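From a predicted model like this one, the values you see are computed outputs, not experimental measurements. Order of the sequence lines sets the chain letters (A, B, ...), proteins ahead of strands, with each chain counted from 1.
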There are 4 protein chains.
Amino acid sequence: MDRREVQASVKDERLVEKRRDQMIKGAITLFKQKGFHRTTTREIARAAGFSIGTLYEYIRKKEDILYLVVDRMYDQIRERLQEDLATNLGTVESLKLSIAYYFREMAEMQEEVLVMYQEAKSLSKDALPYVLNKEIQMVGLFENVIENCVRNGELDLDEKQIKLFAHNLFVEGQMWGFRRWALQKVYTLEEYIDLQLELLFYGVQRKVNQGTGGER
Amino acid sequence: MDRREVQASVKDERLVEKRRDQMIKGAITLFKQKGFHRTTTREIARAAGFSIGTLYEYIRKKEDILYLVVDRMYDQIRERLQEDLATNLGTVESLKLSIAYYFREMAEMQEEVLVMYQEAKSLSKDALPYVLNKEIQMVGLFENVIENCVRNGELDLDEKQIKLFAHNLFVEGQMWGFRRWALQKVYTLEEYIDLQLELLFYGVQRKVNQGTGGER
Amino acid sequence: MDRREVQASVKDERLVEKRRDQMIKGAITLFKQKGFHRTTTREIARAAGFSIGTLYEYIRKKEDILYLVVDRMYDQIRERLQEDLATNLGTVESLKLSIAYYFREMAEMQEEVLVMYQEAKSLSKDALPYVLNKEIQMVGLFENVIENCVRNGELDLDEKQIKLFAHNLFVEGQMWGFRRWALQKVYTLEEYIDLQLELLFYGVQRKVNQGTGGER
Amino acid sequence: MDRREVQASVKDERLVEKRRDQMIKGAITLFKQKGFHRTTTREIARAAGFSIGTLYEYIRKKEDILYLVVDRMYDQIRERLQEDLATNLGTVESLKLSIAYYFREMAEMQEEVLVMYQEAKSLSKDALPYVLNKEIQMVGLFENVIENCVRNGELDLDEKQIKLFAHNLFVEGQMWGFRRWALQKVYTLEEYIDLQLELLFYGVQRKVNQGTGGER
DNA sequence: TATGAATGAGACTTCATTCAT
DNA sequence: TATGAATGAAGTCTCATTCAT
């Protein structure tokens, strides 16, 4: 249930891997520029460095390329995230570092993320679940880390709060990219990260609540 | 700078208004179902109740329809929001009510919002700024209300915090729709609203914070 | 169950009729030359005198053209046949005249018949029954005439013999066309007709049979 | 003039023979199912048990395969026919047996015959004569046997009658296959054979003609 | 002002054939 | 001799847009 097969005519798996790599790279560049629908299969083939005939040796339909691209993006993001989260200590401090790390990663891949967000809906009813599943898995990574904090007594959240918190921070990571036309005019990335962390952890009413104590 | 002209061949302005109304209504229905690219101009004409020839009397290019649709959606959302925010008292309690109201509105228009999010990028470089401007205006509405709260001493936030807070709550309103595949399985809308308000205002560390006092 | 609909986008029925006429005429010419598979839709459009876009306003798929062509051919043949058979008197003499008439008709349409025979199998499982049904109807026309002869005491045949006789003469009409590479080198059409009539009515053993008694 | 050369790159004749055997067998299966045009060279290669590259070591063009297939079919049919006709005694009784034998053979090979009939026209102008020649030879086999009967005084037919009689019975053998959608619903094969023999030898007017004498 | 038939560029996809290994 | 990856011409079909009526 984890990976949808995209059929290739070519048998040599190493070659399939290599050609699809070229294909995906070319396609991402193009999708970034003009989106999936305005990109032609021939352009993708050319960008990948081979002929249209060859392209179709490695996929069945144009949509397969989109799936491959989105799939690849998720894998890349998750890989990096997983790597980082592995070192997480289950403290709030550590969690903040991970979130900041994630925000930076997403900032770096903002164009890819944009493609994902705008084109994923073009995937067939067939492929969509696989993709959504990947996103759920990624949110799950954060949920785990937050749970650890809760278990360690560093945070006091129930199941539903954990989940929503994870979703929020996940979306905020993407926000930097998909609302760049607004955010990037006002904030530097580091500013954005700092401010978001503050809001995520303390909300807007912290000072009022705390009554006495100033903080930070 | 507020409204891009879409040229019509027909002169009678009242008629233009009426036909575009029909057109937009039809188009929204179709865009919801199949997205902009998969919807043909003929289908839009039919859904609008007139012929393809007539359609082109009121627009110049297919993209114009998308612009008209997105434009209309923004206007609708803003209208309702403006109406509500007008009654806002500048207290935290009042702000929470407005946010909750906004969340419910967005939940009701979630499909329209989805269309906006997924298709807006299909607008030409020409039309995009107009649309983004509308979104900025809407966020601005919230900024104003929050500023009021700050002015009233109910919140303690600087300019940049206000802006980001507004963006966050704005996006969270949309989130209910564009992440429905995950959120709507777990939360009811009212649950979602309650939890988000909690996180927006108190963050995740509130209880720990409140508990003893100083932190970090 | 008698006629499969081929969908047209154009509403004006008279125009549809006219354009399909052009289309069928062009297609027949081309199919005669190169067969269905080697004829492109663009060639058909050009031969019909309009653009490829227009062609597809009057059909849905290339196969529709083949169906239309075959359908038309059957109708033409049946029309002429029906007209002739209407005058049939139910005597053997009259039957022979009708058969001769049919043979001549088929000789005239031999290329069309060839197309029918060679391309009909390219029709989808969907369309084939309609076409076969037409052929059965045509054979039925002859069956009726033969039955008349039987009823009039001019022939003594049971149901199954009638049917097979009808099939035979039907096929022999087509044979002149589809085996022309052999037959037309040896016989003139009239010779062919005379000889076939002889064989159909008296078989090869007549003379031996006659032995004693003269006949005819 | 008897066999057209199909060029092979491979020199080893025994190997060529073997590979073509595999090829033809695979191709026949496929042609039966989907016809020549809808069958791809790759499918043929796979069905033959080797690669597309290898396929092209033994032929030059796709059409060569069709030629080979049709050629093979004719040879098979002729072989069996020749074998049977060799034992023919030159009597009407013996002729009837041979015809019945031939009808049964053709019934068994009806799908092959169908392929031949529907696809032969796809052969190039170059290859067609060779194929037609084979058919003429086969008809010739029957002509000879009939001639024997005539020489033996069992039948009284001139040259042209003999030829046409041979063509007729030849076609009637194929008819069982190519009109199976009509015939096989009404007759059993043996019924069909009996009825056809009756018609071939005595025609439809025998009983009336003969008035008194029973026959057969 | 309304219509809808006509257009043709251009999209996707297939597949016979080649050729380096 | 065998392989199968690569090629690109060519085919079918769609659809935004125009324009005569």
Side-chain angles (χ1 to χ4, degrees), chain A residues 8-12 15-16 18-19 37-45 49-65, chain B residues 8-12 15-16 19 37-46 49-65, chain C residues 8-12 15-16 18-19 37-45 49-65, chain D residues 8-12 15-16 19 37-46 49-65:
Chain A
S9 302
V10 171
K11 300 293 176 201
D12 181 341
L15 191 55
V16 170
K18 181 181 151 198
R19 291 278 179 264
H37 281 105
R38 292 202 213 285
T39 302
T40 70
T41 51
R42 265 211 247 290
E43 286 171 323
I44 295 170
F50 39 69
S51 73
I52 183 66
T54 300
L55 181 77
Y56 274 89
E57 290 287 305
Y58 295 93
I59 54 159
R60 278 235 191 302
K61 321 189 290 109
K62 186 187 177 191
E63 203 213 281
D64 287 346
I65 306 175
Chain B
S9 303
V10 171
K11 299 301 168 204
D12 180 343
L15 191 54
V16 171
R19 291 280 180 260
H37 280 105
R38 292 203 216 283
T39 301
T40 69
T41 51
R42 281 223 251 275
E43 286 172 319
I44 295 169
R46 195 181 320 128
F50 39 70
S51 72
I52 181 67
T54 301
L55 183 78
Y56 273 86
E57 293 292 315
Y58 295 92
I59 54 159
R60 279 243 186 297
K61 314 161 48 240
K62 187 187 178 191
E63 203 214 279
D64 288 345
I65 307 174
Chain C
S9 301
V10 172
K11 300 292 175 201
D12 182 340
L15 190 56
V16 170
K18 181 182 152 196
R19 291 278 180 263
H37 280 106
R38 292 203 214 285
T39 302
T40 70
T41 50
R42 265 208 250 291
E43 286 171 322
I44 296 171
F50 38 69
S51 71
I52 182 66
T54 299
L55 182 78
Y56 275 90
E57 290 286 306
Y58 295 93
I59 54 157
R60 278 236 190 301
K61 320 191 288 108
K62 186 188 178 191
E63 202 213 281
D64 287 345
I65 306 175
Chain D
S9 302
V10 171
K11 300 298 169 204
D12 181 342
L15 191 54
V16 170
R19 290 279 180 259
H37 280 106
R38 293 203 215 283
T39 301
T40 68
T41 51
R42 281 222 250 277
E43 287 172 318
I44 295 170
R46 195 181 321 128
F50 39 69
S51 71
I52 181 66
T54 301
L55 183 79
Y56 273 87
E57 293 291 317
Y58 295 93
I59 55 158
R60 280 243 186 296
K61 313 163 46 248
K62 186 188 178 188
E63 203 213 279
D64 288 345
I65 306 174

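Note: NZ (A:K61) to P (F:dT12) measures 21 Å, nearest angstrom. Following rounding to the nearest Å, C:K11 (NZ) and E:dA6 (C1') show an atom-to-atom distance of 16 Å. In this structure, OH of D:Y58 is placed 18 Å from C1' of E:dT17, rounded to the nearest angstrom. Note: CD (A:E63) to P (E:dT13) measures 10 Å, nearest angstrom. Residue C:R60 contributes atom CZ, which lies 14 Å from atom C1' of F:dC15 at whole-angstrom precision. Rounded to whole Å, the distance from CG on C:D12 to C1' on E:dT3 is 12 Å. Atom P of nucleotide E:dC15 and atom CD1 of D:I44 are separated by 12 Å, given to the nearest angstrom.
Here B:R42 pairs with C:E57 in a salt bridge; the nearest charged N to carboxylate O distance falls below 4.0 Å.
With contacts defined as side-chain heavy-atom distances shorter than 4.5 Å, the pair C:T40/C:I44 does not qualify.
Stems are defined here as 3 or more consecutive Watson-Crick or G-U wobble pairs with pairing distances under 3.5 Å; those involving DNA chain F are E:2-21 with F:2-21.
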Expected rows: protein N/O vs nucleotides 7-11 of chain E N/O, under 3.5 Å:
| from | atom 1 | to | atom 2 | distance (Å) |
| --- | --- | --- | --- | --- |
| E:dT7 | OP2 | C:S51 | N | 3.3 |
| E:dT7 | OP2 | C:S51 | OG | 3.4 |
| E:dT7 | OP2 | C:T54 | OG1 | 2.7 |
| E:dG8 | N7 | C:G53 | N | 3.2 |
| E:dG10 | O6 | C:R42 | NH1 | 3.3 |

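The main-chain N or O of B:T39 is found under 3.5 Å from a side-chain atom of B:K62 such that the two form a donor-acceptor pair.
Applying the side chain to side chain donor-acceptor pair (under 3.5 Å) rule to C:S9 yields no partners; only residues at least two apart in sequence or on another chain are considered.
Contact between A:Y58 and A:V16 at its shortest, heavy atoms only, is CE2-CA, 3.8 Å.
The OG1 atom of C:T41 sits 12.0 Å away from the CG atom of C:D64 when rounded to the nearest 0.5 Å. We find the CZ-CG distance between C:R19 and C:L55 to be 11.5 Å, quoted to the nearest 0.5 Å. Between atom CD1 of residue B:I52 and atom CD of residue B:E43 there is a gap of 10.5 Å, rounded to the nearest 0.5 Å.
For the pair C:Y56 and F:dT14, the criterion of a side-chain N or O lying under 4.0 Å from OP1 or OP2 is not met.
Here the nucleotide nearest the side chain of D:L15, chosen from E:dA6, E:dT1, F:dA2, is F:dA2.
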